[in-house]
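Remember, it's a predicted structure, so these values are computed and weren't measured experimentally.
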Amino acid sequence: MSSETVQLAPERILDTVSGKLSSRILALWLAAILVGAVGFFLNLQEVPQRVWQAVWINFIYFVTIAQAGVIFGAVLVTARGHWGKPFRRVAEAMYGFLPIAVLVFFGMSLGAEHIFPWIGPVEGHINREWLTVDRLFLRNGAILLLFLAGSTVYLRLSIRPDAPLIAERLTGWRRRLMAGLASGWRGDEEEAERSRRILNWLSPVLVVAWVFGFSFLGIDLTMSLIPGFVSVIWGWLFVVAGWLPMLCLLAMLAHRFKKQHDLGDVWGKWEFHDIGKLMFAFTIFWSYMWWSQYLPIWYGNLGRETIFFEQRMEGEFAPLFYAQMALVFAIPFALLLGRRPKMNSRHLSMVAVILLAGFWLERYNAVVPSTWKGEGVPFGLPEITITIGFVGLFGLGYSLVSSLLPKLPIREALIVGERGRGP
């Protein structure tokens, strides 16, 4: 990882606190949410299955990215990842979608009959004690609530050392919120030490829980859509398919904020090179795991498992499947080869867009071929409008949290060591 270290004065970091949402950004997100709501309600009676499939796809896509953003900070604390200090706040602000995701998830129970094929009589073995609608939403709702609580505690500890300084730059409810976060202040050094001490044990707990918890989420919400289908690495595929898009979104946001706040001396070519290496590595890792899943099923001719690939690699869904594999592996692999492409934040953002589109298709292909009962490939206005609505929800949640925070940490929890050199 990069070895360059740049220290900024707190005043310059605090200048990156927006303290508000611009009217243009707020109007954009609200318009997107309105488009999604109109698309949802106008199509709910006519094509309910397409509507709920679109909700399912986008919930899975965005909630995994949002949780991975919080986990990014926790991974840096756990691994003493000093190279990533400048990017922590940009990633942690993705927390803003998690409260929205919990509400959306429980609302999704209204459309369960259009998604889960195991609700009625089906061929193939399923565990009827495990797969019931009530139990599925209860256990996965509990998982999401626990992660919301754990992420809230983590974010509070991460931000608290900076809270008094941030509060001075805010007004209204934002100032009251940040001042409340700094209540009972013990002094700068003691607060930084206390946050660092607690985060040192909370972060690895959160990371391990994320791997197991979101693996369960993926098994229940996607793998169960083919009764009897079993993949022992499905959970890992599901988790990494949230982690890699998060890295892509992080690269895009850092590129934007670098220009907006003139932070080229902090987010330089070596910092983007580090993100690019992670994007490249996890592109290969996800593809390797997917191939490791496919190969033994193919050469073993495992009848219960081959149906998953038959639904996607043959017939009407085949073009979408091969487009997915091109977008999540072949094209990014070629565009990220070598050092120079990874150092260019604009180029990295372009590759990030390709990967984000590819993993949206991956979520689509994980859900729709298993559940669709109609003719043709269901892709049109219902899917597009609802996706736009989710973009609006994610963008609004992110913008609200981001408006509270500077784009860089001031009193870093990783206080020992330099970026790229470790403690």
Side-chain angles (χ1 to χ4, degrees), residues 36 39-40 42-65 104-105 107-120 122-124 126 131 133 136 140 217-231 234 237-238 241-242 245 286 290 293-294 297 304-329 355-391:
F40 179 88
L42 284 183
N43 293 286
L44 189 58
Q45 295 298 321
E46 186 176 349
V47 284
Q49 188 182 22
R50 289 180 63 180
V51 167
W52 287 110
Q53 282 175 340
V55 171
W56 219 263
I57 294 161
N58 284 287
F59 167 80
I60 293 167
Y61 181 71
F62 285 103
V63 75
T64 50
I65 292 175
V104 170
F105 177 74
M108 286 162 56
S109 62
L110 299 175
E113 63 181 296
H114 299 290
I115 298 297
F116 295 122
W118 41 259
I119 290 179
V122 294
E123 296 182 3
I126 66 169
L131 289 178
V133 173
L136 182 143
N140 289 286
L217 203 71
I219 289 167
D220 271 356
L221 299 186
T222 54
M223 194 175 83
S224 74
L225 300 181
I226 301 180
F229 173 68
V230 176
S231 170
W234 188 270
L237 281 167
F238 187 84
W286 185 89
W290 190 93
Q293 172 186 248
Y294 170 77
I297 292 173
R304 196 169 63 182
E305 283 77 15
T306 53
I307 186 173
F308 175 84
F309 299 101
E310 290 172 358
Q311 290 175 341
R312 289 152 179 82
M313 299 176 72
E314 300 175 4
E316 295 173 313
F317 286 101
L320 290 180
F321 170 79
Y322 290 111
Q324 165 201 314
M325 298 309 292
L327 292 172
V328 302
F329 175 66
L355 277 163
L356 284 167
F359 275 101
W360 189 92
L361 262 183
E362 189 272 341
R363 297 308 196 192
Y364 179 97
N365 287 327
V367 173
V368 176
S370 303
T371 59
W372 178 237
K373 301 172 184 175
E375 298 280 334
V377 176
F379 191 89
L381 279 178
E383 291 77 17
I384 293 171
T385 54
I386 290 171
T387 299
I388 291 172
F390 269 87
V391 170

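Taking each heavy atom of G358 and Q324 in turn, the nearest pair found is O-CG, 4.0 Å. Taking each heavy atom of V133 and A112 in turn, the nearest pair found is CG1-CB, 4.0 Å. Considering every non-hydrogen atom in both L327 and L355, the closest pair reads O-CD2, 3.8 Å. Heavy-atom minimum distance, S231 versus M223: N-SD, 3.5 Å. Contact detail for L131 and S224: the closest heavy-atom pair is CD2-CB, 4.0 Å. Here the shortest heavy-atom pairing between E383 and A54 reads CA-CB, 4.0 Å.
For F359 and W286, the distance between ring centers is under 6.0 angstrom. Note: W52 and F40 meet the aromatic proximity criterion, with ring centroids under 6.0 Å apart. Between Y61 and W56, the ring center distance fails the sub-6.0 Å criterion. Checked against the 6.0 Å centroid threshold, W290 and F238 do not count as a close aromatic pair. Under the 6.0 Å cut-off for aromatic ring centres, W360 and F390 do not qualify, their centroids lying 6.0 Å or more apart.
Enclosure of atom CG in L381 is not indicated, since only 12 or fewer non-hydrogen atoms of other residues, nucleotides or ligands lie within 6.0 angstrom.
Atoms CG and OH, on N365 and Y322 in that order, are 11.5 Å from each other to the nearest 0.5 Å. A distance of 6.0 Å separates CD1 in I226 from CZ in F308, rounded to the nearest 0.5 Å.
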